[in-house]
Amino acid sequence: MSEAHAEAAVHAHAAPTGFIRKYIFSLDHKVIGIQYYFLALVAVFVGMFLSLLMRIHLVWPTAHLPLVGEIKPETYLTLLTMHGTIMVFFVLTTAPQSGFGNYVLPIQIGAPDMAFPVLNMLSFWTTFLSFVIMLAAFFVEGGAPLHGWTGYAPLSAIPSAGPGQTLGADLWIISIAVFCAASLMGALNFITTTLDLRARGMSLMRLPLTCWSWFITAILGLLAFGVLAAAGILLLLDRNVGTSFFVPGGLVMTGIPVKHQGGSPLLWQHLFWFFGHPEVYIAILPGMGVASQILSTFSRKPIFGYRAMVYAMLSIGLLGFVVWGHHMFMSGMSPYSAFAFSVMTMAIGVPSAIKTFNWLGTIWRGRVRFYTPMLFAIGFVSLFVSGGLSGPFLAQPQLDINLHDTYFVVAHFHLIMGVAAIFGIFAGTYYWFPKMFGRMMNERLGQAHFWLTFIGTYAIFMPMHYLGIAGHPRRYSQLTEIKFLEPLMSLQEFITIAALITIGAQIIFVINLFWSMFKGPKASVNPWEATTLEWTVPSPPPHDNFGGRVPVVRHGPYEYAVPGATRDFVMQDEEQPVQMHS
Amino acid sequence: MATLAHPVTVEEREPRVAGGPPASPPQQGDRGGSRGPGFTPADRLRRYRIGLAVGLTPVLMLFVSFTSAYIVRQGLSDDWRSIALPPILWMNTVILLVSSFTAEKARRTAVRDEGPGGLWLGITLILGLGFLAGQWIAWKQLAAQGIFIASNPSSSFFYLLTASHGLHLLGGVLALGYAAAASRLHRPPETRRIVVDIAAWYWHFMDLLWLYILALLFLAQ
């Protein structure tokens, strides 16, 4: 690592000239942010395609599908595993944090670049490598693994456990370990940059809430990914060297006794979920930051309770590390530990409610401008509430034991961690696109995209709550021909059709994205009349962000409707727009 | 959407402030963004030190995870048979402690700009390689007794912990080697100073980490 640091030593790196230095192996945080964004865009389409195959198979099990043919139960589990893994790691972790964070954070704090540009480039290419390894698992003998995105042992620890559990599972683990390394490099850079590269006057309590969310997310990543890496190393050793960390004795796999003895499958679950629960917040926190930024800007009001928002995010991050056991109520843990985990889990409701209250307080009596970024930010809040409210149900061990293996859980985590975070990404895209590409996106297409996605999302995931309560089990490849599930199969069909339409609606977004990139109307410096520093520089910003200027910050981040100013907003670096009482 | 770039007229009213202290020019001396992003050698050294402190956190978490696995695996099972630690580990420990001392000498020489400090750097490098060789011998001794990584959970953890630590230390050796070769590679002296400083701090951390691992292995016997 030290070599990388040393390479990055000459900080004010000159603007590159060649194509490769400019767009491929670029040191510029803006190019790297866009690289991350497009990596996530490719990944999200792969992940969506896999989910579509699953949905179609669930309701029309005999249908022949493109690329996969008829889906066998083990193929279904493969789709399930790869959908979850690709979405969680390469979309929800990559786009909001590494994508937007890389692009926007340095400009918002008034820095010319990240603290360690070479490390930054390295972390993107490591992520890329990890993605390639993950996709390679599809093409090796036996195909991709089927142990789920949680990789529960002993299924994941024994190569003879299934067709994808040989080389495919090894590639899966290696890919995750490489991803850990990449994320840790990224987190290191984010934290150092936020601590050490802020412009003069940019005190912590003047940071835009987006920067706070990226900073806290980076801290979570820093503490969580090392644990996942450790678990991955132990799992690799169990699989390939013959150790018994996770594999218990007396196991018989496909008729053959397994040689391992004495290992603990629960140990894997503890290590995994110690990472896995903070990972949920790694996905959602940047969305909270983006939503706060956009709600304030488009309501033309200061954010309601700035400090409360910061402390709420900090406490969500902190509590996120002591609740991993609520994923394991089914493991037969002691009721006393389950109770402790349950109480702490429900405590997260408090800071979450504070955030929701403050978002609503921000919009309340604002002069709201309903542009697409604002719609998606409101959609984020809506999904955060809908998905969050099923949390307290699942946080109770007694209820969770009934609901855990049903569609209720699928509905819960897709709403809050999946789609809410995706809405955060969309909001960020529509909001920062003018800055990133110097052109405006089409507003009418954006609105159509929002309404179709918003209604479609609810049509997909709301009915899943009922399915879950009615007993539809998750992870099953086939639900037809089971007597007691039949009455609600029409609801499953409805969900599949809603999914087809919603995924189809994303074509509108892709068309808008690429058309606007080349043909959209030119964006001005500050099209949304926002106050943070990225709106003081040209769209797109020059190589060193501020064109040689050294910004000095004089105001908080959300100075809208300031009495006394003729304009209804005050830029963070504006010089004494309003005189103080003497 | 139109851009608004009108000048703001000024009235004598106190601004309403959303989050944060009232508008005031930043004061010299108060920390937290008041300094601005600096790029002097001192700024860069500080930045790399922050980076190192942050970067060591996941290393710590890795070994914390291994430790919890160690405790759980030992406590849950009845197949744990402790291995006798090879005596050469004690010599290795002494070598590593001495190397931390020489690394500190090299660091202080470099940071205070009292000369190249190449001698101390060289000694640290040799001692570091000596430690790694000693660990290799310890493995060979265990293997000669028929104790391999998969023999028993205690040997699994012995190999896992020593190898993970060894690999991390190897990173430190490479960094020191880079520092020693920095002038030949035409790196500016400032860069060399930073690399020596960061590598030395990293080296101390690896030293402490080794003492911790040794205690862990020893106490479980």
Side-chain angles (χ1 to χ4, degrees), chain A residues 1-3 5-6 9 11-12 111 115-116 184 188 191-192 195-206 222-223 225-227 229-230 234 241-245 261-262 264 267 271 302-303 306-307 524-527 529 554-556 558-559 562-567 577-581, chain B residues 1-4 6 8-26 32-37 39 44 46-48 50-51 54-55 57-59 61-62 65-66 69 72-73 76-79 149-150 153 156 160 171 174-175 178 187 190-191 194-195 198-199 202:
Chain A
M1 204 176 278
S2 300
E3 284 112 310
H5 289 191
H11 180 88
F116 308 117
L184 289 170
L188 194 165
I191 294 172
T192 313
L195 287 177
D196 203 51
L197 283 180
R198 301 197 306 282
R200 263 166 65 85
M202 182 61 92
S203 63
L204 285 177
M205 284 299 150
R206 280 180 179 165
L222 196 75
L223 294 171
F225 277 107
V227 179
L234 297 183
V241 185
T243 55
S244 306
F245 296 111
Q261 55 171 350
S264 164
L267 177 60
L271 289 174
I303 193 87
Y306 173 92
R307 275 172 191 269
S524 60
V525 169
N526 188 4
E529 304 186 327
R554 295 182 171 81
H555 305 279
Y558 303 113
E559 301 286 13
V562 180
T566 50
R567 228 163 40 163
V578 184
Q579 277 181 356
M580 311 274 293
H581 288 296
Chain B
M1 307 255 345
T3 321
L4 295 193
H6 319 296
V8 174
T9 47
V10 171
E11 278 182 40
E12 287 194 33
R13 291 275 297 277
E14 192 159 350
R16 194 163 119 219
V17 173
S24 62
S34 53
R35 202 169 37 220
F39 297 97
R44 288 183 47 211
R46 185 190 61 244
R47 190 161 306 138
Y48 280 93
I50 295 174
V54 176
T57 315
V59 180
M61 288 308 287
L62 184 80
S65 311
F66 286 154
V72 169
R73 184 66 179 81
L76 276 186
S77 62
D78 51 5
D79 62 338
I149 183 163
S156 301
L160 173 76
L174 292 176
Y178 178 75
R187 300 287 174 210
E190 180 201 331
T191 300
I194 291 176
V195 177
I198 298 300
Y202 180 79

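Reminder, nothing fancy here: chain letters follow the sequence lines and each chain counts from 1.
When all heavy atoms of A:G226 and B:L62 are compared, the closest pair comes out as O-CD1, 3.6 Å. For the residue pair A:Q261 and B:R73, the shortest heavy atom distance occurs at O-NH2, 3.1 Å. Here the closest heavy-atom approach between residue B:R47 and residue A:A115 is recorded as CD-CB, 3.9 Å. Across all their heavy atoms, A:A230 and B:S65 have their closest contact at CB-CB, 3.5 Å. Listed here is the closest heavy atom pair of A:L222 and B:M61: O-CG, 4.4 Å.
By the side chain to side chain donor-acceptor pair (under 3.5 Å) test, A:T192 pairs with no residue at all, sequence neighbours left out. With sequence neighbours excluded, the residues satisfying side-chain contact (heavy atoms from CB on, under 4.5 Å) with A:T243 are A:L237, A:D238, A:F245, B:I149, B:S156.
You'll find the side chain of A:L197 reaches within 4.5 Å of the side chain of B:F39, heavy atoms only.
Atom CD1 in B:I50 sits 11.0 Å away from atom CD1 in A:I191 (nearest 0.5 Å).
Proximity to chain A is limited to the side chain of B:L76, based on heavy atoms less than 4.5 angstrom apart. Interface remark: A:L223 contributes backbone and side-chain atoms alike to the contact with chain B (heavy atom separation under 4.5 Å).
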